Amino acid sequence: MIKVGIFGATGRIGKLLIESLGNDNEAKLSCVFVRNELQYSIPEGVLVTNDIKVFLESSDLIIDFSSPEATKILLDCAIDNCHKPIVIGTTGLNDMQKDLMLAASLKMPILYATNMSRGIIVLNQISKIVASTLKESDIEIVEIHHNLKKDSPSGTALNLANTCAKARGLDLNKIRISGRDGAIGERSKDEIAVMSLRGGDVVGRHTIGFYMDGEYIELTHNATSRMTFAKGAINVGKWLVKQSAGLYSIEDALSM
Ligand code: NAD
C-alpha cells in the first residue's frame with residue numbers, strides 16, 4: 001500500500017482526497033498536515049501533525065491542494081529534509097514558486113497539474129489542433145468558478161491560453177488580456193482574452209472559442225464534481241511514486 005500524506009487536508013479537495021483514499025486498494029491515508037485542529041474526524045491510525053518534516057517522513061507520496069504560500073513552505077522543507085514524490089494541484093503559483101518547484105524536481109519526482117481531470121487534457125489537445133489549423137480565428141476563453149476561488153484566471157484557463165499561443169508561435173505574456181472596458185478600439189489580431197466569472201458553487205467550467213467570419217467553434221468542459229480532481233490526483237500519484245526525480249505533467253502520467 002502506498003502511504004499518502006495530504007497537504008491542505010481541511011480544504012474542499014483535501015476532504016475528498018481523504019474520502020477517496022478510504023475506498024482505495026492501492027493507496028491509504030497515512031498522515032495529514034494541519035495548521036489548526038481538524039474540524040471533522042479522520043480515520044483511526046492516521047497521523048495528524050503541524051510539523052512538515054514529520055509529515056514528509058510519514059508518507060510515500062504527498063498530495064498538495066493548498067495555497068501557493070503553503071506549497072512554497074512544503075517545497076522548501078522537502079528540498080532541505082526529505083525527498084518524497086509530490087503531486088501538486090495548487091493553482092496560482094507565481095514564477096518564483098514555479099522556479100522552486102523546478103529546483104525541487106531535481107531531487108524528487110514532482111507532478112504539477114492545474115487540472116486533474118482527463119477531460120481537460122483532451123480539451124487542451126483539441127485546442128492545440130484548432131488553434132494551429134484555424135489560424136485566422138480569434139481565440140477567447142471564459143471560465144467560471146465558485147465564489148470562494150482565490151486565484152484568477154484559473155490555472156486551467158491560463159494553460160489552455162498558453163497552449164493556443166504556443167501553437168501559433170506567440171508568447172502568451174505579450175498577447176493575453178483579462179478584460180475590456182471603454183473605448184479600447186478594435187480587437188487586435190493576436191490577442192487572447194481570458195475572462196473570469198465567479199459565483200455560487202460552480203465547480204468549474206471552461207469555454208474556449210475560435211471565432212471566424214461566418215462561423216465559430218466553442219468547446220466547453222464542465223467539472224460537475226470535485227471528486228474528479230481528487231481521484232485524478234490519487235491516480236497520477238500512483239504513477240509518480242515509480243518515477244525518478246524530475247518535473248512531470250499529467251500528460252506524462254496518463255501517456256496522453
Ligand atoms: P480550500 O481553500 O478549500 O483549501 C485550502 C487548504 O489549504 C486548507 O486545508 C487550508 O488550511 C490549507 N492552507 C492554505 N494556506 C495554508 C498555509 N499557509 N499553510 C498550510 N496550509 C494551508 O481550497 P480548495 O478548493 O481545496 O483548493 C486548494 C487548491 O487547489 C487551490 O489552489 C485550488 O485552486 C486548487 N485546485 C486545483 C485543482 C486541480 O485539479 N489541480 C482542482 C480544484 C482546486
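Indexing begins at 1, ligand by ligand and atom by atom, following the structure's order. Nothing here was measured: the structure is a model prediction, and the numbers come from that model.
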Enquirer: Go through the structure and list residues passing salt bridge (charged side-chain N to carboxylate O under 4.0 Å, His left out) with Arg205, not counting sequence neighbours.
Expert: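 If we apply the salt bridge (charged side-chain N to carboxylate O under 4.0 Å, His left out) test to Arg205, skipping adjacent residues, there are no hits.
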
Enquirer: Who's touching ligand 1 if we go heavy atoms under 4.0 Å?
Expert: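 Ligand 1 is contacted, at a heavy-atom distance under 4.0 Å, by Gly8, Ala9, Thr10, Gly11, Arg12, Ile13, Phe33, Arg35, Phe65, Ser66, Ser67, Ala70, Gly89, Thr90, Thr91, Ala113, Thr114, Asn115, Met116, Lys149, Lys150, Asp151, Phe229.
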
Enquirer: Considering residues at least two apart in sequence or located in another chain, which fulfil the salt bridge (charged side-chain N to carboxylate O under 4.0 Å, His left out) criterion with Glu19?
Expert: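 Salt bridge (charged side-chain N to carboxylate O under 4.0 Å, His left out) list for Glu19, sorted by chain: empty.
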
Enquirer: Return the set of residues passing ring pair (Phe, Tyr, Trp, His ring centres under 6.0 Å) with Tyr112 (not counting sequence neighbours), or none when no residue passes.
Expert: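 With neighbours one apart ignored, the set is empty.
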
Enquirer: With a 4.0 Å cut-off, would you call Lys189 and Asp138 a salt bridge?
Expert: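 Salt bridge flag = yes for Asp138 with Lys189.
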
Enquirer: Report yes if the distance between the aromatic ring centroids of Phe55 and Phe7 is under 6.0 Å, otherwise no.
Expert: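 They qualify: ring centres under 6.0 Å apart.
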
Enquirer: Under a 4.0 Å threshold between the charged nitrogen and the carboxylate oxygen, would Glu191 count as salt-bridged to Arg180?
Expert: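 Salt bridge flag = yes for Glu191 with Arg180.
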
